[in-house]
Amino acid sequence: MPYYIQRGSIPPKRHTQFRQTNGSLYAEQLFSTEGFSSDYTLMYHYHPPTQIIKVDEPINFMPEIAEEKMLMHRCFETFKVKSEADYLKSRNPLLVNNDCSIIVAAPEKSMEEYFYKNADADELLFIHEGNGILHSQYGDLYFQYGDYIVIPRGTIYQISFQSTQNRLFIVESYSPICFPKKYVSKKGQLLEHSPYTERDLKLPEFKEPINSKGDFLIETKKRGMLYGIHYANHPFDVVGWDGCSYPYILSIHDFEPITGRVHQPPPVHLTFEANNFVVCSFVPRLYDYHPLAIPAPYNHSNIDSDEVLYYVDGDFMSRKSVTRGMITLHPAGIPHGPHPGAVEKSIGKKETQEVAVMVDTFHPLQLTKTVLEIENKDYTMSWAE
């Protein structure tokens with residue numbers, strides 16, 4: 001969890017009277033993603049956050065599954081996914097299971113006509129291209145290339161982009177996205193051997209509350225449906241909040257790689273974890289320094305997990321013909337490893353400049369219709385060359 005912080009004005013004790021200058025009470029709201037039994041935040045609004053004035057007809061937002069079962073190495077060119085003006089329409093689910101959804105998006109315009117709330121899942125937005133501001137009840141987060149934005153489920157947000165050139169790699173998690181347990185002390189602090197610490201996190205910059213009445217549309221996703229819910233008050237009317245549940249940013253460039261004399265296994269790249277999947281970061285680093293070291297990864301059988309690698313930038317010595325935005329999927333059950341010639345070629349190399357995001361799921365992924373439209377079908381047999 002992120003550590004406890006306080007922003008704006010709050011009463012000295014929770015669940016007690018907190019009055020505005022006109023004598024009326026501020027509306028207290030408890031925000032938690034796991035009932036009353038885990039991390040939470042308390043917010044204080046000018047108006048109750050419950051005043052619905054209209055509800056639109058719901059829209060089916062479920063991905064169309066094309067393959068439920070498969071056992072084959074796959075490759076997908078995500079930069080072939082066309083950009084869309086609207087943020088929600090630009091989100092394309094590619095690989096899904098009951099624990100998470102892996103999505104790419106290329107939105108051209110800022111969110112101005114509505115707010116968005118994912119009532120099902122925490123969201124991890126990786127910024128591949130573009131920069132801007134994520135606005136929420138908590139304040140503003142300024143993002144740029146290489147940033148992971150962690151957004152707890154139920155957060156109401158808008159995104160302002162600085163240009164039309166934006167590429168996002170998104171993971172929806174149906175359980176909380178957390179710091180890896182092996183890097184956290186019993187009391188919740190990131191430990192000394194962690195590849196990043198609290199000092200690396202970018203936190204929301206608190207803004208003056210917007211005390212405005214009107215018709216405010218919050219597009220809310222729940223169980224595969226998108227509900228247009230109109231509220232009488234601006235959702236960012238928060239005068240203060242405190243707690244441990246809020247959106248934050250970690251830059252992949254602030255992840256400190258863990259290296260060794262011989263090739264290190266993928267868990268050294270662990271960055272976030274959730275129920276039944278993990279997210280890892282591959283960043284520029286020195287290679288192994290044993291005199292007989294082989295920097296290329298060894299062949300391995302990930303019998304218990306599907307491995308998804310999203311290539312961001314740099315040169316990947318273990319793969320041929322890698323392009324930016326490429327996704328490879330190596331399913332559980334069959335071994336994979338470097339392409340032919342890559343092992344010998346890696347010997348003597350001192351460093352790598354690669355940047356990539358990996359998602360390992362412990363239950364099989366299903367393929368959507370969209371992902372099959374951008375498949376590189378030659379990849380499956382590329383080890384036979």
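Since the model is a prediction, treat every value here as computed from it, not as a measurement.
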*Before accepting this row, confirm whether a basic side-chain N of the pair E205/R7 lies closer than 4.0 Å to the acidic partner's carboxylate O.*
no

_Test item: side-chain donor near acceptor, D215 and H230, under 3.5 Å_ = yes

*Hey, does the side chain of T380 reach the backbone of H73 with a donor-acceptor pair shorter than 3.5 angstrom?*
yes

*asked:* Counting only heavy atoms not in I294 (residues, nucleotides, ligands), do more than 12 fall under 6.0 Å from its CD1?
replied: no

_Minimum heavy-atom distance F277-C100, with the two atoms named_ = CE2-CB, 3.7 Å

*D313 versus H128, side-chain donor and acceptor atoms under 3.5 Å*: no

*Is the backbone N or O of G325 less than 3.5 Å from a side-chain atom of T78, with the two atoms forming a donor-acceptor pair by type?*
yes

_More than 12 heavy atoms of other residues, nucleotides or ligands under 6.0 Å from CZ of R223: yes or no?_
no

*Could you point out which residue of Q165, Q144, R324 forms a side-chain hydrogen bond (donor to acceptor under 3.5 Å, both in side chains) with E129?*
R324

*Between K221 and E123, is the closest basic N to carboxylate O distance under 4.0 Å?*
no

_Side-chain donor-acceptor contact under 3.5 Å, N97 with H363_ = no

*Is a side-chain donor or acceptor of Q137 paired with a backbone partner of I156 at a separation under 3.5 angstrom?*
yes

*Mutual orientation of the aromatic rings belonging to W383 and H339 [parallel < 30°, tilted 30-60°, perpendicular > 60°]*: tilted

*With ring centroids as reference points, do Y145 and H253 lie under 6.0 angstrom apart?*
yes

_Short side-chain to backbone donor-acceptor contact, T271 and H269, under 3.5 Å_ = yes

*Ring centers of Y26, Y46 separated by less than 6.0 Å*: yes

_S24 (side chain) donor-acceptor with N22 (main chain) under 3.5 angstrom_ = no

*asked:* Could you check whether any side-chain N or O of N276 sits under 3.5 Å from a backbone N or O of D99, counting only pairs where one atom can act as donor and the other as acceptor?
replied: no

_Residues, nucleotides or ligands: over 12 heavy atoms within 6.0 Å of F362 CZ_ = yes

*State yes or no: do V262 and V268 share one hydrophobic cluster built from I, L, V, M, F, W and Y residues joined by side-chain heavy-atom distances below 4.5 Å, directly or via other members?*
no

*asked:* Run Q51 and I53 through side chain to side chain contact (heavy atoms under 4.5 Å, CB included) and show every step you take.
replied: CA-CA 6 Å; Q51 296 176 343; I53 58 175; 5.7 Å; no

*T368 side chain to L94 main-chain N or O, any donor-acceptor pair under 3.5 Å?*
yes

*Evaluate whether atom NZ of K369 has more than 12 neighbouring non-hydrogen atoms of other residues, nucleotides or ligands under 6.0 angstrom away.*
no

_Exercise: do Y174 and N98 side chains pair donor with acceptor under 3.5 Å_ = no

*Parallel, tilted or perpendicular: which fits the ring planes of F272 and Y248, with parallel below 30° and perpendicular above 60°?*
tilted

*If we ignore angles and hydrogens, is there a donor and acceptor under 3.5 Å between the side chains of T155 and S136?*
no

*Mark yes or no for whether S173, through its side chain, and P176, through its backbone, hold a donor-acceptor pair below 3.5 Å.*
no

*Examine R167 relative to F79 and say whether NZ or CZ is less than 6.0 Å from the centre of the six-membered ring and inside a 45° cone about the ring axis.*
yes

*Give a yes or no on whether D56 atom CG has more than 12 heavy-atom contacts from other residues, nucleotides or ligands under 6.0 Å away.*
yes

*Please walk me through it: do F236 and K207 pass side chain to side chain contact (heavy atoms under 4.5 Å, CB included)?*
CA-CA 9 Å; F236 300 165; K207 297 294 182 180; over 6 Å; no

*Any chance you could pull the hydrophobic cluster mates of I59, using side-chain heavy atoms under 4.5 angstrom and chaining through other members?*
F61, Y87, L88, I103, M111, Y114, Y116, L125, I127, L134, L141, F143, I149, I151, Y157, I159, F161, L168, I170, L217, L226, I249

*Please answer: with hydrophobic residues joined when any side-chain heavy atoms are less than 4.5 Å apart, are L329 and V278 in the same cluster?*
no

_Any salt bridge linking D122 with R153? Criterion: basic side-chain nitrogen under 4.0 Å from a carboxylate oxygen._
yes

*Counting distance only, does the side-chain N/O of S185 pair as donor-acceptor with the main-chain N or O of Q189 below 3.5 Å?*
yes

*asked:* Hydrophobic clustering (ILVMFWY, side-chain heavy atoms < 4.5 Å, transitive) - are L309 and L270 grouped together?
replied: no

*What about L30 and I5, same hydrophobic cluster or not, with Ile/Leu/Val/Met/Phe/Trp/Tyr joined at side-chain heavy-atom distances under 4.5 Å?*
no

*Hey, mind stepping through E28 and Y44 against side-chain hydrogen bond (donor to acceptor under 3.5 Å, both in side chains) and telling me if it holds?*
CA-CA 5 Å; E28 185 182 51; Y44 296 88; 2.8 Å; yes

_I'd like to know if the side chain of W241 and the backbone of Y138 have a donor-acceptor N/O pair within less than 3.5 Å._
yes

*Will you find, in the side chains of S251 and Y196, an N or O donor that is under 3.5 Å from an N or O acceptor?*
no

